[in-house]
There are 2 protein chains.
Amino acid sequence: MEATDLKKAGLKATLPRMRILQILEDSEGKHLSAEDVYKVLLEQDEEVGLATVYRVLTQFEAAGLVIRHNFDSGHSVFELDSGTHHDHMVHLDTGEIIEFQNEEIEELQKKIAKKHGFELIEHSLVLYVKSKK
Amino acid sequence: MEATDLKKAGLKATLPRMRILQILEDSEGKHLSAEDVYKVLLEQDEEVGLATVYRVLTQFEAAGLVIRHNFDSGHSVFELDSGTHHDHMVHLDTGEIIEFQNEEIEELQKKIAKKHGFELIEHSLVLYVKSKK
DNA sequence: TTACTAAATTATAATCACTATAATTTTTAA
DNA sequence: TTAAAAATTATAGTGATTATAATTTAGTAA
């Protein structure tokens with residue numbers, strides 16, 4: 001029952017929000033743009049406007065339900081916040097997105113911020129790769 | 001004489017290009033958006049259109065003269081390519097951008113790509129920090 | 001359950017960053 | 001110096017996203 005998840009996040013359980021949350025849950029591991037979500041809604045014959053999709057995704061982000069990424073592509077993509085932090089590798093030829101974790105890099109980042117007298121709040125690390133010839 | 005730099009890069013030495021290159025050289029360490037560059041041109045009473053600024057910056061990028069960054073801000077910023085690679089730290093309160101280098105992280109990134117059977121082409125690492133209370 | 005009120009959604013227009021187009025101007029090479 | 005190729009200008013167009021005003025819905029109180 002996702003209505004509960006929304007309430008917990010401090011959001012009213014409206015139909016558009018439930019549909020969009022469901023779509024995100026059904027696309028585990030994928031990274032959808034607002035347009036992608038909107039297309040799925042259309043396929044499901046749901047009457048939800050594109051503006052609503054944008055607004056709801058932004059609210060989900062503010063509520064900590066989803067994470068927004070900007071992979072140099074000119075538009076944002078979203079994924080459910082699984083709670084386990086990870087970074088991304090983007091394949092330059094196929095567009096494939098691979099997730100990875102590396103504790104060593106995480107630690108080094110904190111150290112660097114500290115060395116400059118700052119506190120690391122968050123970070124964005126994206127590796128752009130190609131297959132070996 | 002920057003006309004020479006442009007020629008070396010395979011670009012004709014036109015007035016807009018020389019003015020824009022000069023502006024980038026005069027703002028060492030800063031990270032200017034196309035709009036920022038355009039504003040400086042206006043202040044200098046130069047008759048260069050915004051579309052030209054965008055086109056020229058893109059050409060400079062293609063020619064390897066400048067580097068384009070997308071700091072999650074919805075627009076690109078540019079800096080002269082100094083030749084020495086560095087990553088960036090963005091201060092969430094002041095907007096200040098600090099450059100840093102860390103060879104260890106660079107190596108780890110290559111390793112990670114390799115482990116997945118890929119070749120690292122480039123990467124984007126941005127630390128978002130705040131001052132310690 | 002019903003009625004109310006605040007919040008959310010809809011449809012659409014507007015905005016922002018950026019790109020394409022066609023006409024005009026500038027570079028550069030002969 | 002002149003002509004072809006390339007670049008620039010002014011402007012319209014595009015794609016992603018956001019704002020607006022009217023309408024609908026969710027959650028609460030009677």
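The sequence lines fix the lettering, A, B, ..., with proteins before strands; numbering per chain opens at 1. None of these values were measured; they are calculated from a predicted model.
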With a 4.5 Å cut-off on side-chain heavy atoms, are [Y] and [X] touching?
| X | Y | value |
| --- | --- | --- |
| B:F78 | B:V37 | no |
| B:D5 | B:E25 | yes |
| A:H75 | A:E35 | no |
| A:V66 | A:R68 | no |

Send over the distance from [X] [atom1] to [N] [atom2], rounded to a whole Å.
| X | N | atom1 | atom2 | answer |
| --- | --- | --- | --- | --- |
| A:F71 | D:dA16 | CZ | P | 17 Å |
| B:Y38 | D:dT11 | OH | P | 11 Å |
| A:L57 | D:dT17 | CG | P | 10 Å |
| A:L50 | D:dA16 | CG | P | 9 Å |

Backbone N/O of B:G83 and side chain of B:D81: donor-acceptor pair under 3.5 Å
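Yes; at least one donor-acceptor contact below 3.5 Å.
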Taking the side chain from A:D36 and the backbone from A:S33, do they hold a donor-acceptor pair closer than 3.5 Å?
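Present.
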In this structure, are over 12 heavy atoms from other groups packed under 6.0 Å from [X] atom [atom1]?
| X | atom1 | result |
| --- | --- | --- |
| A:E28 | CD | no |
| A:K8 | NZ | no |
| B:Q44 | CD | yes |

Are any of A:Y54's side-chain N or O atoms less than 4.0 Å away from OP1 or OP2 of D:dT18?
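No, because none of the side-chain N or O atoms of A:Y54 sits under 4.0 Å from OP1 or OP2 of D:dT18.
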Look at the side-chain N and O atoms of A:S76 and state whether any lies under 4.0 Å from the OP1 or OP2 oxygen of D:dT17.
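It does, given that an N or O in the side chain of A:S76 lies less than 4.0 Å from OP1 or OP2 of D:dT17.
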Q. How would you give the extent of chain B contacts on DNA chain C, as first and last nucleotide 5' to 3' within a 4.0 Å heavy-atom cut-off?
A.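 Range of nucleotides touched by chain B: C:dA17 to C:dT28.
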**Net bend of the helix from C:dT1-D:dA30 to C:dA30-D:dT1, end axes of five pairs each, nearest 10 degrees** =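 Comparing the axis at each end, I get an angle of 20°.
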- Message: So A:R55, base contact, sugar-phosphate only, or nothing? Heavy-atom distance under 4.0 Å.
- Response: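 Base contact.
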With a non-hydrogen cut-off below 4.0 angstrom, is B:E35 in contact with a base, only sugar-phosphate, or nothing?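 Nothing, no heavy atom under 4.0 Å.
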With nearest nucleotide decided by heavy atoms, which residue, B:G74 or B:A51, maps closer to the 5′ end of DNA chain C?
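It is B:G74 whose nearest nucleotide is closer to the 5' end.
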- Message: Under a 3.5 Å threshold, yes or no: a donor from one side chain and an acceptor from the other, between A:T58 and A:R55?
- Response: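 Side-chain D/A pair, A:T58 to A:R55: absent.
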Listed pairs, N/O of protein and of nucleotides 25-30 of chain D, under 3.5 Å:
from   : atom 1 : to    : atom 2 : distance (Å)
D:dG27 : OP1    : A:A13 : N      : 3.2

Q) For the ring pair A:H116 and B:H91, is the centre-to-centre distance below 6.0 Å? A)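 Aromatic pair excluded; centres sit 6.0 Å or further apart.
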